[in-house]
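What follows is a short report on a single structure.
Proteins come first, then strands; the chains are lettered A, B, ... in the order of their sequence lines, and each starts at number 1. Nothing here was measured: the structure is a model prediction, and the numbers come from that model.
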2 protein chains.
Amino acid sequence: MAGKVKLDEIDHQILDMLIENTRTPFTDIAKKLLISAGTVHVRVKKMEEAGIIRGSSLTLDYVQLGYAFIAYVGIFLEKTHQTKFVMERLEQIPNVTIAHITTGKFNIFCKIRARDTNHAKNIIFMIDDIDGINRTETMISLEESFNDKKRLMHMIFNEL
Amino acid sequence: MAGKVKLDEIDHQILDMLIENTRTPFTDIAKKLLISAGTVHVRVKKMEEAGIIRGSSLTLDYVQLGYAFIAYVGIFLEKTHQTKFVMERLEQIPNVTIAHITTGKFNIFCKIRARDTNHAKNIIFMIDDIDGINRTETMISLEESFNDKKRLMHMIFNEL
DNA sequence: GGTGAAACTTCTAATAA
DNA sequence: TTATTAGAAGTTTCACC
């Protein structure tokens, strides 16, 4: 599964195309890179086996699905040794989409997604109720802006 | 592009399978849901046209790619009306993977990805240099934990 | 490593129900 | 809306560079 694989320019360009659309036909990629579809197939498989490609997922419009509310919750623990326990509890709440153990102001830091303010309130209360949490601080997202993955990839590949 | 579409149980299950692996053959989905591959095709297309499915992307192992460092940077602005300008500047830095305008402690809040602490320092200096930013507060992620999308989808579909 | 072609699988659109 | 069908397209393997 995990391994060390040196990626070359061809691999970078394959990833580049698949990052934009995971269903880009290998034949299209092959045509663009002037290689055979078989080669694309082998290289993708290799990157999957090496664990560089961990999977693929859909980007959904959560607003249209009725989940427009995003907030970040900073968590202060009573004692640091409770970190693992609290992280595990957070992972059990599906509305917590990502959680980090952090240095700095907060001990733990997580992102939540909810339908609306009222729904978010319930989720935050749920978090507040976890044993070991002293208090939380909520930051509501008024606007979200993404940077597309392709640009980060270019940085990585060109060692900028 | 955008539209109101009511999703039924079949749609939910199609999304469920594609969220885990966007390349799941429609024939597999059809077999599991006891419908025809043509129907799967039509429904996926409909969800794409409605904008519910916005796209697909690869999940990459950034640690293996040499980008193991994650931090969140809270930004305090000099004046609120500079928000848009600063957001635009942040979008130009590929290492800033996501940025939010927030209520609460910070005016803006962003996530950065870098090779190491030294690399991160340069990025944070870059952010500090943006006009209109008063000061920043960095939280380094020591450990990241994801919640899989499937569970969030189940919440959404079951109106929990 | 890569190719090109064969065998197999999947997609897609049209038609019919 | 869904199923069926059939031709087009894509994937995957493999013998051979």
Side-chain angles (χ1 to χ4, degrees), chain A residues 1-61 64-66 150 153 156-159, chain B residues 1-61 64-66 150 153 156-159:
Chain A
M1 191 71 184
K4 264 267 149 343
V5 170
K6 272 258 165 61
L7 302 185
D8 64 14
E9 188 52 33
I10 303 280
D11 294 319
H12 293 169
Q13 292 198 258
I14 291 171
L15 289 178
D16 236 37
M17 294 185 77
L18 289 177
I19 273 181
E20 299 251 304
N21 175 10
T22 57
R23 277 190 178 255
T24 309
F26 291 179
T27 46
D28 283 8
I29 297 174
K31 231 173 283 170
K32 189 165 173 195
L33 304 185
L34 305 174
I35 55 181
S36 75
T39 300
V40 177
H41 176 243
V42 169
R43 281 171 176 260
V44 169
K45 208 168 173 187
K46 207 166 281 174
M47 290 190 280
E48 281 170 351
E49 278 163 6
I52 286 175
I53 296 176
R54 287 170 43 170
S56 61
S57 194
L58 295 180
T59 308
L60 299 175
D61 183 342
Q64 223 180 126
L65 291 171
K150 208 168 170 177
M153 288 302 280
I156 294 177
F157 294 154
N158 298 310
E159 299 278 336
Chain B
M1 191 75 187
K4 264 270 154 328
V5 169
K6 272 257 165 61
L7 303 184
D8 63 14
E9 188 52 34
I10 303 278
D11 293 319
H12 294 170
Q13 292 199 259
I14 291 172
L15 289 178
D16 236 36
M17 294 185 77
L18 289 177
I19 272 181
E20 297 252 304
N21 175 10
T22 58
R23 276 188 179 260
T24 309
F26 290 0
T27 46
D28 284 9
I29 297 174
K31 230 173 284 170
K32 189 165 175 195
L33 305 186
L34 306 174
I35 54 179
S36 75
T39 301
V40 176
H41 176 240
V42 169
R43 280 168 177 263
V44 169
K45 208 168 170 188
K46 208 167 281 176
M47 290 190 280
E48 280 171 352
E49 279 163 7
I52 286 175
I53 296 176
R54 285 169 45 167
S56 61
S57 196
L58 295 180
T59 308
L60 299 174
D61 183 343
Q64 223 178 128
L65 290 171
K150 209 169 169 177
M153 288 302 281
I156 293 177
F157 294 155
N158 299 310
E159 299 278 335

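In this model, the phosphate group of D:dT2 is approached by a side-chain N or O of B:Arg43 to a distance below 4.0 Å at OP1 or OP2. Considering only side-chain N and O atoms, B:Lys45 lies under 4.0 angstrom from the phosphate OP1 or OP2 of C:dA13. Residue B:His41 has no polar side-chain atom (N or O) positioned under 4.0 Å from OP1 or OP2 of C:dC11. Here A:Thr27 reaches the OP1 or OP2 of D:dG10: one of its side-chain N or O atoms lies under 4.0 Å away. Put simply, A:Arg23 has a side-chain N or O that comes within less than 4.0 Å of OP1 or OP2 on C:dC11.
Here D:dA3 presents its C1' atom at 17 Å from CD1 of B:Ile29, a figure rounded to the nearest Å. Between the CG atom of B:Asp28 and the C1' atom of C:dC8 there is a distance of 14 Å, given to the nearest Å. A:Leu33 places its CG atom 15 Å from the C1' atom of C:dT3, with the value rounded to the nearest Å. If you measure from atom CD1 of A:Ile35 to atom P of C:dG4, you get 11 Å, rounded to the nearest angstrom. Between the CZ atom of B:Phe26 and the P atom of D:dA8 there is a distance of 21 Å, rounded to whole Å. To the nearest angstrom, P of C:dT12 lies 9 Å from CD of B:Glu48. Rounded to whole Å, atom P of D:dT1 lies 20 Å from atom CG of B:Leu34. Spacing between atom CG of B:Asn21 and atom C1' of D:dT11 amounts to 14 Å, rounded to whole angstrom units.
In this structure, of D:dA3, C:dG4, D:dG10, it is D:dG10 that holds the atom nearest to the side chain of A:Pro25.
Looking at heavy atoms from C-beta onward, B:Ile14 lies in side-chain contact with B:Met47 at the 4.5 angstrom threshold. Using a 4.5 Å cut-off on side-chain heavy atoms (C-beta onward), B:His12 and B:Asn158 make no contact.
Remark: of the listed residues A:Thr39, A:Leu33, A:Leu34, A:Thr39 is the sole one forming a side-chain contact (heavy atoms from CB on, under 4.5 Å) with A:Ser36.
At most 12 heavy atoms of other shown residues, nucleotides or ligands fall within 6.0 angstrom of atom NZ in B:Lys32.
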Decide yes or no on side chain to side chain donor-acceptor pair (under 3.5 Å) for B:Thr22 and A:Thr22, but give the supporting numbers first.
-> CA-CA 7 Å; B:Thr22 58; A:Thr22 57; 2.6 Å; yes

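Counting any heavy atom pair closer than 4.0 Å across all strands shown, B:Lys46 reaches sugar-phosphate atoms only and no base atom. Within the nucleic acid shown, A:Thr39 comes within 4.0 Å of at least one base atom, counting heavy atoms only.
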